[in-house]
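Below, chain A is the first sequence line, B the second, and so on; all start at residue 1. Please read all numbers here as calculations on a predicted model, not as lab measurements.
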There are 2 protein chains.
Amino acid sequence: MASTFELSDVNVSLTPLERFEEFLQSRGMRITKPRRVIVTEVFSRHEHFDAEELLIRMQQVASDAKVSRATVYRTLSELVNAGLLRQMTLSTRTVYEHDYGYPQHDHLYCQKCEKLIEFHSPELNEIRDAVAKKHNFNVTGHRFLVTGLCEDCRRRPPRRDRRLDHV
Amino acid sequence: MASTFELSDVNVSLTPLERFEEFLQSRGMRITKPRRVIVTEVFSRHEHFDAEELLIRMQQVASDAKVSRATVYRTLSELVNAGLLRQMTLSTRTVYEHDYGYPQHDHLYCQKCEKLIEFHSPELNEIRDAVAKKHNFNVTGHRFLVTGLCEDCRRRPPRRDRRLDHV
DNA sequence: ATTTATGCAAATCCTTTGCAAATCT
DNA sequence: AGATTTGCAAAGGATTTGCATAAAT
């Protein structure tokens with residue numbers, strides 16, 4: 001059965017946890033301890049992370065709050081569905097980042113140190129929408145990843161392995 | 001030992017096979033039958049494909065030209081290194097497309113039928129380079145993927161599963 | 001004759017799933 | 001109580017790897 005939840009209903013003044021609880025309720029899902037603990041941990045830091053990194057962090061919190069790998073994966077998926085997290089696939093791993101209450105942005109990706117640098121570009125959306133219009137395409141989002149070498153890594157001789165170019 | 005091959009040395013008038021042979025030689029790698037057969041098959045069609053699809057195509061060619069799965073993967077990787085193919089990771093699979101002798105472009109990705117529509121946008125590079133300059137970032141490439149619904153799929157009610165938004 | 005590449009099957013990595021037990025409402 | 005969620009371990013899918021054999025230089 002389709003949920004009645006719509007993005008326009010988002011109340012931006014809620015904390016991520018409150019927002020997630022609202023989402024769970026709207027779908028008839030339960031507010032459980034593992035879910036609460038995961039959201040709290042996820043939003044305690046702003047850096048990008050992957051499932052395995054989060055799992056390790058989860059295993060370091062108070063022993064009565066430990067969560068299994070399966071639940072970490074399942075909850076990350078729900079957080080994406082809820083619009084709290086955004087996910088993207090880099091060359092090897094799937095990374096997550098905060099989406100809720102965080103402005104839209106894109107990334108510079110350093111192929112050497114794997115650092116992700118965020119930037120904001122309104123012009124990009126204009127280009128995107130113009131292209132979409134031309135193709136009668138209905139845009140729901142985009143992903144723009146600029147690959148190369150960050151400031152720090154430029155000092156060392158760059159590597160030239162095409163294998164890493166795709167991300 | 002580092003190869004002396006540089007992108008500026010590319011002779012654009014070569015066929016993909018010739019170009020690959022040149023690449024192999026420059027690296028002291030051997031020109032083998034499986035490699036020749038794969039390159040020929042890969043460049044016999046322009047559509048995007050993944051490793052498994054190519055493997056199936058390989059198994060349908062003349063029986064004396066069959067190639068194993070491992071060799072398909074290994075050769076695809078070399079074709080990317082050689083600059084003949086470009087690869088990108090979609091939600092589930094890694095797809096390849098012709099790069100050699102083909103103009104730079106980006107894609108509209110239909111989340112429903114998984115179609116990839118190519119488009120060209122010079123303005124995009126300007127934005128990219130401007131942002132990079134601001135961050136003292138050395139660009140080697142980029143990937144811009146616009147997600148949504150293509151013209152054909154717009155006629156049916158769109159799905160709203162955030163899980164598919166990341167590609 | 002050497003050295004590299006291939007094919008096979010086993011191994012790996014990341015993620016998902018089945019199911020009984022635990023936890024919510 | 002009744003339904004959903006969790007944790008575990010096993011299953012999956014895609015890709016990589018070790019090693020003996022085949023092929024290229």
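The phosphate of dT15(D) (OP1 or OP2) has a side-chain N or O of Y73(B) nearer than 4.0 angstrom. One finds no side-chain N or O of T94(B) lying less than 4.0 angstrom from the OP1 or OP2 phosphate oxygen of dA14(D).
Looking at which nucleotide of DNA chain C each of R69(B) and G28(B) is closest to, the 5′-most match is held by G28(B).
Here R93(B) lies out of heavy-atom contact (under 4.0 Å) with every strand.
A distance-only check finds a donor-acceptor pair linking the side chain of H98(A) to the backbone of R45(A) [under 3.5 Å].
Atoms CZ (R27(B)) and P (dT4(C)) sit 15 Å apart, rounded to a whole Å. Straight-line distance from the NZ atom of K66(B) to the P atom of dC8(C): 11 Å, rounded to whole Å. In this entry the distance linking CD of E52(A) with P of dT12(C) reads 16 Å, nearest Å. Atom CG in L55(A) sits roughly 14 Å away from atom C1' in dT6(D) (whole-Å rounding). Between the C1' atom of dC14(C) and the CG atom of L76(A) lies a distance of 13 Å, rounded to the nearest Å. Remark: C1' of dC24(C) and CD of E21(A) are 13 Å apart, rounded to the nearest angstrom. Residue Q25(B) contributes atom CD, which lies 15 Å from atom C1' of dT4(C) at whole-angstrom precision. Atoms CG (L90(B)) and P (dT15(D)) sit 11 Å apart, rounded to a whole Å.
At a cut-off of 3.5 Å, with distance as the only test, no side-chain donor of E151(B) or N138(A) sits close to an acceptor on the other residue. At a cut-off of 3.5 Å, with distance as the only test, no side-chain donor of D106(A) or H120(A) sits close to an acceptor on the other residue.
Side-chain atoms of A70(B) lie closest to dG7(C) of the nucleotides dG7(C), dT15(C), dT6(D).
Between H135(A) and F119(B), the angle of the ring planes lies from 30° to 60°, which puts this pair in the tilted group. Using a 30° and 60° split on the angle between ring planes, Y102(B) and H46(B) fall in the tilted class, from 30° to 60°.
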Determine whether L149(B) and F137(A) satisfy the following criterion, side-chain contact (heavy atoms from CB on, under 4.5 Å), listing intermediate values before the conclusion.
CA-CA 6 Å; L149(B) 283 180; F137(A) 189 87; 5.8 Å; no
Where protein sits on nucleotides 19-25 of chain D, one letter per nucleotide: B base, S sugar-phosphate only, - none, heavy atoms under 4.0 Å
----BBS
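Counting heavy atoms from C-beta on, the side chains of H48(B) and Y96(B) never come closer than 4.5 Å.
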